[in-house]
Every structure is written in structure tokens, then in C-alpha cells.
Amino acid sequence: VQSLLAVASSEGVIKLFGAAAVEVTFFGKTEPVTALEFLPGQSRLLVVYLDSVEVIDLKSQTLVGEREFGQRLTAVE
């Protein structure tokens, strides 16, 4: 179990907080983030925007996947 906190802004900036003095900033799309979800056992973060999603690998701090849906997302399960 990792002790991490992820927060996002309405401008698409994502901050990840961990142990004392550990802070990482990701700059995604320049649109509001509507949800963040840690993917269990994968060290990845799912970032949900109004009509798309991105997956960030937290170990390498890189974008590893993205998908545009062309319509507003209303639920993520």
C-alpha cells in the first residue's frame, strides 16, 4: 500500500504528493480534470477529463495511454 495523494486543477495540472517533501507535478491537457483514480497494483493513475481519459505511469512519470471519446463522460467504473 502506497501513501499517495493526487489532486488536480481546473486547468489540467495534476499534483502527486507522497512522503515528506515528495511532490511531482504533471501537466496534462489544458482542460478540467473531472476524476482521478489510482489503478490497483499497477503504479498508474487514471486521469478523466470531460470527454477523454489518460493513464500516467507513476514510476516512469510518463503518459502511457489516452483515449478520446468525442462525448461527455458521465461515469467511470
Side-chain angles (χ1 to χ4, degrees):
V1 175
Q2 296 179 349
S3 297
L4 297 173
L5 171 68
V7 295
S9 74
S10 60
E11 291 86 28
V13 177
I14 301 155
K15 288 198 177 245
L16 188 67
F17 300 93
V22 174
E23 179 181 323
V24 177
T25 303
F26 298 100
F27 297 93
K29 297 181 176 192
T30 55
E31 59 184 73
V33 174
T34 59
L36 295 169
E37 182 77 28
F38 289 102
L39 301 179
Q42 297 185 41
S43 297
R44 292 183 171 181
L45 180 66
L46 178 71
V47 182
V48 181
Y49 298 95
L50 292 174
D51 65 351
S52 63
V53 296
E54 294 181 338
V55 179
I56 298 172
D57 184 289
L58 300 177
K59 288 182 181 176
S60 65
Q61 300 180 14
T62 58
L63 181 67
V64 294
E66 58 186 318
R67 172 95 191 256
E68 298 273 341
F69 292 97
Q71 59 187 17
R72 187 180 178 102
L73 297 172
T74 56
V76 176
E77 290 185 25

So L36 and V48, side chain to side chain contact (heavy atoms under 4.5 Å, CB included) or not? Walk me through it.
CA-CA 6 Å; L36 295 169; V48 181; over 6 Å; no

Could you give me the CA-CA distance, side-chain angles and deciding distance for R72 and D51, then say whether side chain to side chain contact (heavy atoms under 4.5 Å, CB included) is met?
CA-CA 5 Å; R72 187 180 178 102; D51 65 351; 5.6 Å; no

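In this structure, S43 contributes its side chain and L58 its backbone to no donor-acceptor pair below 3.5 Å. No donor-acceptor distance shorter than 3.5 angstrom exists from the side chain of Y49 to the backbone of E31, with no hydrogens or angles considered.
Ion pairing of K29 with E68 is present here, as a side-chain N (NZ or NE/NH1/NH2) and a carboxylate O approach within less than 4.0 Å.
Using a 4.5 Å cut-off between side-chain heavy atoms of Ile, Leu, Val, Met, Phe, Trp and Tyr, with links allowed through other members, V33 and V24 fall into the same hydrophobic cluster. Put simply, V53 and V64 are part of the same group of oily side chains (I, L, V, M, F, W, Y) that touch within less than 4.5 Å, one to the next. When hydrophobic clusters are built by joining Ile, Leu, Val, Met, Phe, Trp and Tyr residues whose side-chain heavy atoms come closer than 4.5 Å, directly or via intermediates, L46 is not grouped with L50.
Atom CD1 of I56 and atom CZ of R44 lie 11.0 Å apart (nearest 0.5 Å). Within the model, atoms CZ of F26 and OG1 of T62 stand 8.5 Å from one another, a figure rounded to the nearest 0.5 Å. One distance of note links CG of L39 with CG of L45; it measures 7.5 Å at 0.5 Å rounding.
Enclosure of atom CD in Q71 is not indicated, since only 12 or fewer non-hydrogen atoms of other residues, nucleotides or ligands lie within 6.0 angstrom.
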